Amino acid sequence: MLLLAGALRAATVPGFPPAVAVFSSTVVLSTQPARCVLQRRPPLSNSSANCWSHLHPLNMFNSYNVKFYHSKALTSPYPGSCVERSQVPEDKVDWLIEWKDYNPVEYTAMSVLAGPNWADPQINDKGFSPKFNERDGEVERRSLNGLYVVENGRPRNPSGRTGLTGRGLLGRWGPNHAADPVVTRWKRDGSGNKVAHPVTGKNILQFVAIKRRDCGEWAIPGGMVDPGEKISTTLKREFEEEALNSLQKSPEERAELEKQLHKLFSQEHFVVYRGYVDDPRNTDNAWMETEAVNYHDETGETMDNLPLEAGDDAGIVKWVDISEKLKLYASHSYFIKLVTEKRGAHWSEDPGPECCE
């Protein structure tokens, strides 16, 4: 049964900011033979965000009107498994393109099926009646991108086909909400002066990055929003756990961390991105969404007094110079790029071609 049909232009979701755009029916049909996109398209080029959205006009908008191309959500094997997704040609990703022979693989990890408290039951389990597109008790089942389709009792990935049904490693049917704190400072020399890039002359920005244990990729130290938890709480908690190893600290040490971090997390900050994330864990029925927020330590004094220490899901944590050469997990490179634009920091030595319609 199809509960929502077609492509929605704009939807206001109660409890979320009103200016949330949703997926569009715009589709580009290539004249070339259909091909599997898998890992062939890089996460970002030298082009500006606007140019990039024009070059890749497939799938959906976030709240900043930038269209995300479905790429990492098509990679095989599925993370943590030997499961191969059904191949999805580029011109068949969009649900609005009819594909009668679409036969995705069904997969939900045993760690999810074991029924941990962060995961939903199977969709047909007795007594499980999720309320999609609304807040379901303490579980947030609304999408940051507006209303999504529910077909045959299962929510449908608003960014298109992924070649895999079920939930994979994700606990919730539908949107799985995360928060990503982007903590930054200016790179400085031994005398405390800001370091500028020799080619662009723009100051170099650094951010706290972790190396994920599960895949070995560098990432923003974020994590999942707990049921009933405020985003602001998640952002601070995840940074403490991932980048400062707060879970292994004594109560006294944790209290001191809280005191020092309060200044940074209570100051003026800006929301970098809110919406769908092109994540390798995404499936046709479960997907990642995030709110990425930049907390900037202008003088560097706050973070200088906080020794970085990897914890929880992090293997390594360190300050990383920001540039277009960064290759990060999921859509994190894009979030970092937006921060550099906001701060007027160095990103690329090549400004790229002028963008045109």
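This structure is a prediction, so every number in the text was calculated from the model and none was measured. What's counted below: heavy atoms across the whole structure, side chains too, no hydrogens, waters or symmetry copies.
In terms of modelled atom types and a separation under 3.5 Å, the side chain of N294 and the main chain of A292 share no donor-acceptor contact. Put simply, the side chain of S323 never gets that close to the backbone of W347: no donor and acceptor are under 3.5 Å apart. Panel note: side chain T233, backbone E229; no donor-acceptor pair is recorded below 3.5 Å. Judged by distance alone, the side chain of W95 and the main-chain N or O of N157 form a donor-acceptor pair under 3.5 Å. Side chain of Q206 to main chain of V320: no donor-acceptor pair is present (N/O by atom type, distance under 3.5 Å, no hydrogens or angles).
S333 OG to I322 CD1: the interatomic distance, rounded to the nearest 0.5 Å, is 10.5 Å. Put simply, NE2 on H296 and OG1 on T302 are 11.0 Å apart, with the number rounded to the nearest 0.5 Å. A distance of 4.5 Å separates NE2 in H269 from OH in Y295, rounded to the nearest 0.5 Å. Rounding to the nearest 0.5 Å gives a distance of 11.0 Å between CZ of R237 and OG of S232. Atom CG in L205 sits 13.0 Å away from atom NZ in K342 (nearest 0.5 Å). Note: H346 NE2 to K202 NZ = 9.0 Å, rounded to the nearest 0.5 Å.
When D136, D226, D120 are each tested for a salt bridge (Lys or Arg N to Asp or Glu O under 4.0 Å) with R172, only one passes: D120.
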Worksheet entry | side-chain contact (heavy atoms from CB on, under 4.5 Å) between H177 and M224, worked out | CA-CA 6 Å; H177 294 283; M224 307 304 294; 5.8 Å; no

Practice prompt. Verify ring pair (Phe, Tyr, Trp, His ring centres under 6.0 Å) between W287 and Y148, making sure each step is shown before the conclusion.
Written response: CA-CA 11 Å; W287 60 91; Y148 50 86; 5.2 Å; yes

Practice prompt. Please step through side-chain hydrogen bond (donor to acceptor under 3.5 Å, both in side chains) for the pair D284 and T162, ending with a clear verdict.
Written response: CA-CA 6 Å; D284 285 5; T162 68; 2.7 Å; yes

Worksheet item: What do the steps show when you test K249 against E309 for salt bridge (charged side-chain N to carboxylate O under 4.0 Å, His left out), and what is the final call?
Response: CA-CA 11 Å; K249 305 291 186 184; E309 182 182 343; 2.7 Å; yes

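Salt-bridge formation is detected for the pair K194/E298: a Lys NZ or Arg NE/NH1/NH2 atom is positioned less than 4.0 Å from an Asp or Glu carboxylate oxygen. Look at K327 and E217 and you find no salt bridge, because none of the NZ, NE, NH1 or NH2 atoms lies under 4.0 Å from a carboxylate O. Salt bridge annotation for D321-K187: present, with a cationic side-chain nitrogen under 4.0 angstrom from a carboxylate oxygen. The pair R85-E106 does not meet the salt-bridge criterion, since no charged nitrogen lies less than 4.0 angstrom from a carboxylate oxygen. Between R185 and D304, at least one side-chain nitrogen of the basic residue sits less than 4.0 Å from a carboxylate oxygen of the acidic one, meeting the salt-bridge criterion. Salt-bridge check for R254 with E258: failed, with every basic side-chain N at 4.0 Å or more from each acidic carboxylate O.
Among all heavy-atom pairs drawn from Y329 and A219, the shortest one is CB-CB, 3.7 Å. Taking both residues in full, the closest heavy atoms of G171 and V112 are given as CA-CG1, 4.4 Å, listed atom of the first, atom of the second, then distance. For the residue pair R281 and L170, the shortest heavy atom distance occurs at O-CD1, 3.8 Å. Contact between G222 and P181 at its shortest, heavy atoms only, is CA-CD, 3.8 Å. Residue N285 comes nearest to P155 through the heavy atom pair ND2-O, 3.1 Å, listed as atom of the first residue, atom of the second, then distance. In terms of heavy-atom proximity, D278 sits nearest to A73 at OD1-N, 2.9 Å.
The side-chain heavy atoms of L169 and P79, taken from C-beta on, include a pair separated by under 4.5 Å. Proximity of I123 to W173: side-chain heavy atoms (C-beta onward) are separated by under 4.5 Å at one or more points.
The side chain to side chain donor-acceptor pair (under 3.5 Å) search around Q267 returns none, not counting sequence neighbours.
Aromatic ring pairs are classed by plane angle as parallel below 30°, tilted from 30° to 60° and perpendicular above 60°; the pair F265 and F239 is tilted.
Both V271 and L264 belong to a single network of hydrophobic side chains, linked directly or stepwise wherever heavy atoms of I, L, V, M, F, W or Y lie under 4.5 Å apart. Cluster annotation: Y78 is not connected to L74 through the hydrophobic network of ILVMFWY side chains, with a link wherever side-chain heavy atoms come within less than 4.5 Å.
Grouping Ile, Leu, Val, Met, Phe, Trp and Tyr by side-chain contacts under 4.5 Å, direct or through others, puts L113 with M110.
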